[in-house]
There are 2 protein chains.
Amino acid sequence: MTDGAPGRRPATAHEVAKLAGVSQSAVSRVFTPGASVAPATRERVVAAASQLGYRPNLVARSLITRRSNLIGVVVPGNGNPFYQRALEALSVAFAKLGYGVLLFTTDPLANSDPILDDVLRYRVDALVLISTSLSSRFAEECVQVGLPVVMFNRKTDSNAASSVTGENRLGAELIAEFLLAAKHRRYAYVAGLEQSSTSRDREEGFMECLARHNVKHVERQVGHYSASGAEKAVRALLGSKQPPDAIFCANDHMALAAISVARAEFGLQLGSDVSIVGFDNIDMGSWPLFSLTTYSQPVGSMVERTVDIVARQLAGDAALSVQEVTCGQLIVRDSARKPKSGLSTQDGNCIWTLPQTASRAG
Amino acid sequence: MTDGAPGRRPATAHEVAKLAGVSQSAVSRVFTPGASVAPATRERVVAAASQLGYRPNLVARSLITRRSNLIGVVVPGNGNPFYQRALEALSVAFAKLGYGVLLFTTDPLANSDPILDDVLRYRVDALVLISTSLSSRFAEECVQVGLPVVMFNRKTDSNAASSVTGENRLGAELIAEFLLAAKHRRYAYVAGLEQSSTSRDREEGFMECLARHNVKHVERQVGHYSASGAEKAVRALLGSKQPPDAIFCANDHMALAAISVARAEFGLQLGSDVSIVGFDNIDMGSWPLFSLTTYSQPVGSMVERTVDIVARQLAGDAALSVQEVTCGQLIVRDSARKPKSGLSTQDGNCIWTLPQTASRAG
DNA sequence: CTGAAAGCGCTAACAG
DNA sequence: CTGTTAGCGCTTTCAG
């Protein structure tokens with residue numbers, strides 16, 4: 001009832017039409033959402049279609065509508081769980097809107113220029129760049145060709161493409177305030193990738209806030225957003241003569257690796273011997289073993305915003321470029337020493353906000 | 001030099017032909033790998049093409065070649081790092097062969113039947129099912145329609161579709177032998193999903209081997225392959241009156257969550273108070289904090305095999321259904337107590353093999 | 001509401 | 001080696 005022969009090629013609208021005794025365009029209409037077809041006709045077509053196992057060929061449809069219904073999504077293949085979640089959510093959200101996700105994984109090591117060609121050849125309707133380290137020229141080239149681009153968790157200097165990011169600067173500042181309030185002595189930052197706008201913004205927020213509070217020296221290492229990079233960075237930090245007692249890692253993935261090293265290799269107690277804070281709030285951070293203090297980036301809303309921007313651009317009624325910032329919170333757990341005040345509870349999480357009394361330079 | 005107007009639609013072969021003063025088919029040939037074109041012609045076409053920023057429209061090509069150059073990949077959205085790695089590797093490998101990856105994420109909770117429709121509509125050339133819990137009818141339906149299907153890390157009873165799996169049974173048996181050799185007393189298994197062939201095979205291997213050695217009672221919990229599921233399972237296990245001292249989790253993702261709970265909530269010392277073993281050998285298992293003993297599934301070779309099967313099927317010269325098993329090893333770290341003998345080193349890992357003296361029933 | 005006709009951009013025989 | 005001629009399977013006017 002669903003197919004003819006095993007290996008036969010898929011039924012066409014033409015064949016359905018013949019079987020149903022109608023014209024091929026009638027078949028097309030039945031499978032076009034807004035078209036008007038007589039109930040009787042529709043019924044016969046549907047019957048014939050299901051008998052033949054017919055499904056409209058999206059390729060053919062794309063050719064004429066000039067819409068592939070495909071969204072290209074570019075993800076760096078570095079094992080960051082935050083991207084996994086984002087990708088999962090994007091995929092589900094786009095599917096719900098009838099779009100397919102064409103996945104491109106950038107090898108963090110190799111040159112990823114050919115991806116542009118692939119993307120353009122496949123005629124994707126839009127492109128989502130998940131915080132990848134592609135040259136910023138990339139996005140601009142796409143925009144120039146008229147391809148809507150949304151950068152997820154990243155920005156470029158020129159605001160040619162839209163972007164959805166978390167509160168990188170603000171979050172990092174708050175983390176600095178938080179660590180200061182708990183009276184740490186020696187601070188360190190573990191950067192992601194040097195080219196990454198996200199890592200830079202977080203670093204600036206962190207460093208500048210510390211500077212405002214007269215912290216002169218802040219240790220710095222680069223973790224390349226990878227677990228092994230973070231491990232090395234933290235070994236260097238904690239192995240030095242005057243190890244820091246407060247480490248801010250540019251993202252959770254690195255923060256977890258940092259905790260692993262601090263505990264297992266240096267025998268340190270998190271939250272007392274050393275404080276480690278991350279950024280993202282990935283699921284694993286809440287595992288009792290890590291209990292990571294972190295500034296959250298709400299994947300759900302970020303994905304929502306992203307999908308929304310794409311949808312609006314595709315509908316044609318949107319500005320060409322939007323910069324969205326989604327709000328997060330400082331989620332307090334046990335990986336960092338806690339200040340006396342400023343703590344409260346929200347949605348089952350302990351969060352920290354800057355007490356009124358403290359000064360907050362703009 | 002790469003484009004005409006900003007928002008204009010992409011150049012067509014026709015336009016390139018006009019500009020180059022050749023026929024449209026000449027343009028087509030220039031962009032077809034094996035075609036014969038006079039050097040002079042090629043040059044003019046290439047020049048015109050680059051001036052117009054022309055790239056062949058894969059959609060149009062697909063329509064006529066009846067090949068979308070798209071491989072559908074279905075992944076369960078449960079945050080398992082093993083799948084993330086597999087997906088990354090598959091994506092890179094297929095890209096290298098000129099295929100795009102169309103991603104489908106199954107919501108572990110929701111019904112995923114509509115995916116079949118999507119997949120078929122997009123006319124993907126082949127389908128890779130990453131150990132998803134889709135009804136086994138799914139794969140069979142695809143095969144019946146003539147769509148090549150490879151199951152990654154999973155099998156169905158009917159061998160209609162090809163599959164690439166690790167040594168589930170053998171690995172689990174070896175784990176049992178390993179735990180027995182280290183003289184544990186009370187054994188437990190944390191299952192994945194009940195429907196999962198992978199979890200069942202591992203359970204069978206584990207249980208039967210223990211039974212052969214006269215272990216009567218083995219505790220059992222279901223972790224649903226999720227971190228939170230595993231946490232619950234382990235709490236139940238370790239919170240009981242007679243907690244097990246040897247726990248085999250159906251995969252690493254759950255094993256890590258289990259370790260987290262055992263250490264942080266029960267204050268247990270891994271490898272002495274309790275032994276936890278996983279399956280997969282994901283990167284995080286080697287983090288010093290976890291130091292997970294596990295049976296490895298080599299993602300690299302599994303992906304290679306998968307891509308190879310797909311490629312062969314697409315080339316037409318392959319058997320319709322192949323069942324491949326890729327070999328792994330028992331990687332010994334510190335999360336489980338070690339036996340006296342059988343340990344050796346390989347590729348920087350400590351591995352365990354069954355000492356000759358012990359009996360090994362078939 | 002329905003059918004006929006004209007393509008979407010490209011590949012694949014064919015003659016030349 | 002090159003141009004001409006048919007379509008691939010579908011959407012979309014346009015008459016009826």
Side-chain angles (χ1 to χ4, degrees), chain A residues 4 8-46 48-49 52-70 98 120-125 145, chain B residues 4 8-46 48-49 52-70 98 117 120-125 145-146:
Chain A
R8 246 188 89 271
R9 48 158 138 119
T12 70
H14 216 196
E15 293 163 1
V16 175
K18 210 168 57 182
L19 181 61
V22 298
S23 79
Q24 184 267 345
S25 19
V27 177
S28 171
R29 283 189 198 102
V30 169
F31 289 92
T32 305
S36 62
V37 191
T41 313
R42 153 164 283 126
E43 205 173 322
R44 301 177 56 195
V45 169
V46 168
L52 263 42
Y54 169 76
R55 300 167 213 267
N57 184 335
L58 286 195
V59 176
R61 174 180 297 180
S62 298
L63 189 55
I64 179 142
T65 59
R66 288 206 181 75
R67 292 214 161 190
S68 62
N69 271 291
L70 252 32
L120 260 29
R121 253 197 279 277
Y122 276 108
R123 296 293 196 271
V124 298
D125 291 342
V145 180
Chain B
R8 245 187 90 272
R9 51 157 135 122
T12 71
H14 214 205
E15 292 162 4
V16 175
K18 210 168 57 184
L19 181 61
V22 297
S23 80
Q24 184 265 343
S25 20
V27 177
S28 170
R29 284 190 197 99
V30 170
F31 289 91
T32 305
S36 61
V37 191
T41 313
R42 153 164 285 124
E43 206 173 322
R44 302 177 56 196
V45 169
V46 169
L52 263 44
Y54 170 76
R55 299 167 214 269
N57 185 334
L58 286 195
V59 176
R61 176 181 296 183
S62 298
L63 188 55
I64 180 144
T65 59
R66 289 207 178 75
R67 290 214 164 192
S68 62
N69 271 290
L70 254 31
D117 261 21
L120 261 28
R121 251 196 281 275
Y122 276 107
R123 295 295 195 268
V124 298
D125 290 342
V145 179

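Source: prediction; values computed, not measured. As a basis for the values below, the full set of heavy atoms in this structure was taken, side chains included, without hydrogen atoms, waters or symmetry mates. Lettering of chains follows the sequences in order, A, B, ..., and the numbering in each one begins at 1.
Distance CG (A:L58) to C1' (D:dG9): 11 Å, rounded to an integer number of Å. The CZ-P distance, from A:R55 to D:dG9, rounds to 16 Å in whole Å. We find that NE2 of B:H14 is positioned 12 Å from P of D:dG3, with the value rounded to whole Å. The interatomic distance linking A:R67 (CZ) with D:dC10 (C1') rounds to 17 Å, in whole Å. Atom pair A:E15:CD and D:dC10:C1' shows a separation of 13 Å (rounding to whole Å applied). Counting to the nearest Å, the C1' atom of D:dG7 and the CD1 atom of A:I64 are 14 Å from each other. Rounded to an integer number of Å, the gap from A:N69 CG to D:dC10 P is 15 Å. Rounded to an integer number of Å, the gap from B:R66 CZ to D:dG9 C1' is 9 Å.
Using a 4.5 Å heavy-atom threshold, the side chains of B:T12 and B:N57 count as separate. Contact annotation: the side chain of B:P56 approaches that of B:R61 to within less than 4.5 Å [non-hydrogen atoms, C-beta and beyond].
Looking at heavy-atom distances under 4.0 Å, B:V37 makes contact with sugar-phosphate atoms alone, never a base.
In plain terms, the two heavy atoms of B:R55 and A:R123 that are nearest each other are O-NH2, 3.2 Å. Considering every non-hydrogen atom in both A:V59 and B:L63, the closest pair reads CG1-N, 3.8 Å.
Remark: B:R29 CZ to B:R42 CZ distance equals 11.5 Å, nearest 0.5 Å. Separating the OG atom in B:S23 from the NZ atom in B:K18 is a distance of 14.5 Å, to the nearest 0.5 Å. One finds the OH atom of B:Y122 at 5.5 Å from the CG atom of A:L70 (value rounded to the nearest 0.5 Å).
Of the possible donor and acceptor atoms, one in the side chain of B:R44 sits under 3.5 Å from a partner among the backbone N and O of B:A20.
For DNA chain C, the span of nucleotides reached by chain B at under 4.0 Å from its heavy atoms goes, 5' to 3', from C:dG9 to C:dA13.
Contacts of A:R67 classified as side-chain contact (heavy atoms from CB on, under 4.5 Å), with partners at least two apart in sequence or in another chain: A:T65, A:Y99, A:D125, A:L314.
Annotation: of the two residues near DNA chain D, B:R42 and A:T32, the 5′-most nearest-nucleotide partner is B:R42.
Residues from residues 19-29 of chain B lying near DNA chain C, meaning a heavy-atom separation below 4.0 Å, are B:Q24, B:S25, B:S28, B:R29 in numerical order.
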